[in-house]
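Heads up, the thing below is written out as structure tokens.
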Amino acid sequence: MALNSLNLNHYQGLIFDMDGTLVDSEVAVRQAVAPWCEKHHVDLEMVLTTGRGARFKDFIEQFTPHLDCQHEVELLEQAEADLAHTVTAIPGAKSFLSEIKAQQRKWGRLQLLQIVIMQLHDSPQQVYLFLKY
């Protein structure tokens, strides 16, 4: 989307959901989760489909409630971090952010949980969100 097609004059800043909006981590997630699924006899495609956008904790509790969830989350987070080099920018994201900076707009990225907390603590007039769901 071309930034000049958006009227940003009404916003104090922009907050983005990172994955699927600015970056694509699908390869890293798949490569991190695949060995875990194989080890625990869980269907990879089912985890990727039902767990899309979810935290590791969510699908661990759903598919393997007998496991030590915190330990498994730590293992998966480390596996994903080790694959950070496979994360790529969404086409157009870099130029979009450059244009936002050129227009001197504040921007940041938050995860959904952080956004909910922010909405509870700040007045709605102060929170403006452009998020891709």
Side-chain angles (χ1 to χ4, degrees):
M1 171 181 282
L3 188 59
N4 59 8
S5 68
L6 296 174
N7 181 356
L8 300 178
N9 294 324
H10 301 290
Y11 301 95
Q12 295 175 0
L14 304 170
I15 302 172
F16 296 95
D17 173 40
M18 191 98 162
D19 198 20
T21 304
L22 300 176
V23 299
D24 180 358
S25 67
E26 188 172 338
V27 171
V29 171
R30 177 178 282 278
Q31 290 180 3
V33 172
W36 183 88
C37 287
E38 185 175 337
K39 177 181 177 182
H40 297 292
H41 308 288
V42 177
D43 182 72
L44 173 63
E45 295 307 319
M46 184 171 55
V47 168
L48 293 174
T49 301
T50 60
R52 189 171 217 46
R55 301 167 299 168
F56 289 137
K57 177 183 183 295
D58 297 330
F59 71 75
I60 291 168
E61 289 175 343
Q62 179 180 356
F63 296 113
T64 54
H66 60 283
L67 296 177
D68 177 348
C69 186
Q70 184 58 39
H71 176 71
E72 298 300 318
V73 166
E74 290 169 6
L75 292 174
L76 285 168
E77 286 177 347
Q78 183 59 56
E80 187 179 38
D82 292 344
L83 293 162
H85 65 280
T86 66
V87 176
T88 58
I90 295 288
K94 288 180 184 179
S95 61
F96 186 74
L97 293 176
S98 294
E99 184 60 30
I100 288 171
K101 289 178 186 178
Q103 289 190 24
Q104 299 179 340
R105 300 289 176 217
K106 295 177 185 175
W107 70 277
R109 67 105 30 231
L110 295 174
Q111 294 176 343
L112 185 56
L113 178 59
Q114 292 169 314
I115 292 168
V116 171
I117 292 169
M118 185 178 201
Q119 287 175 330
L120 292 173
H121 293 287
D122 292 337
S123 71
Q125 294 79 20
Q126 294 175 332
V127 181
Y128 301 97
L129 305 175
F130 279 11
L131 298 176
K132 176 180 180 259
Y133 287 102

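Taking all atoms of both residues into account, the shortest heavy-atom contact from Ala28 to Val87 is CB-CG2, 4.1 Å. Contact record, Ala32 with Leu76: O-CD2, 3.6 Å, taken as the closest heavy-atom pair.
The hydrophobic clustering, which links ILVMFWY residues whose side-chain heavy atoms are closer than 4.5 Å, places Met46 and Leu67 together. Residues Val23 and Ile100 are members of one and the same hydrophobic cluster, defined by side-chain heavy-atom contacts under 4.5 angstrom among Ile, Leu, Val, Met, Phe, Trp and Tyr. Transitive grouping of hydrophobic side chains (ILVMFWY, heavy atoms separated by less than 4.5 Å) keeps Leu44 and Val27 in distinct clusters. There is no path of hydrophobic side-chain contacts, each under 4.5 Å, that joins Leu83 to Val29.
Contact of the Leu75 side chain with the Trp36 side chain is not registered, since no non-hydrogen atoms from C-beta on lie closer than 4.5 Å.
For residues 70-83, there are no salt bridge (Lys or Arg N to Asp or Glu O under 4.0 Å) pairs, not counting sequence neighbours.
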Go through the steps to decide whether Leu22 and Ile90 satisfy the test side chain to side chain contact (heavy atoms under 4.5 Å, CB included), and finish with yes or no.
-> CA-CA 5 Å; Leu22 300 176; Ile90 295 288; 5.6 Å; no
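Residues meeting the salt bridge (Lys or Arg N to Asp or Glu O under 4.0 Å) test with Asp58, sequence neighbours left out: Arg55.
Ring-plane geometry between Phe56 and Phe59 is classed as perpendicular, the angle between the planes exceeding 60 degrees on a 0 to 90 degree scale with a lower cut at 30.
Between Arg30 and Glu26 there is no salt bridge, since no side-chain nitrogen of the basic residue lies less than 4.0 Å from a carboxylate oxygen of the acidic one.
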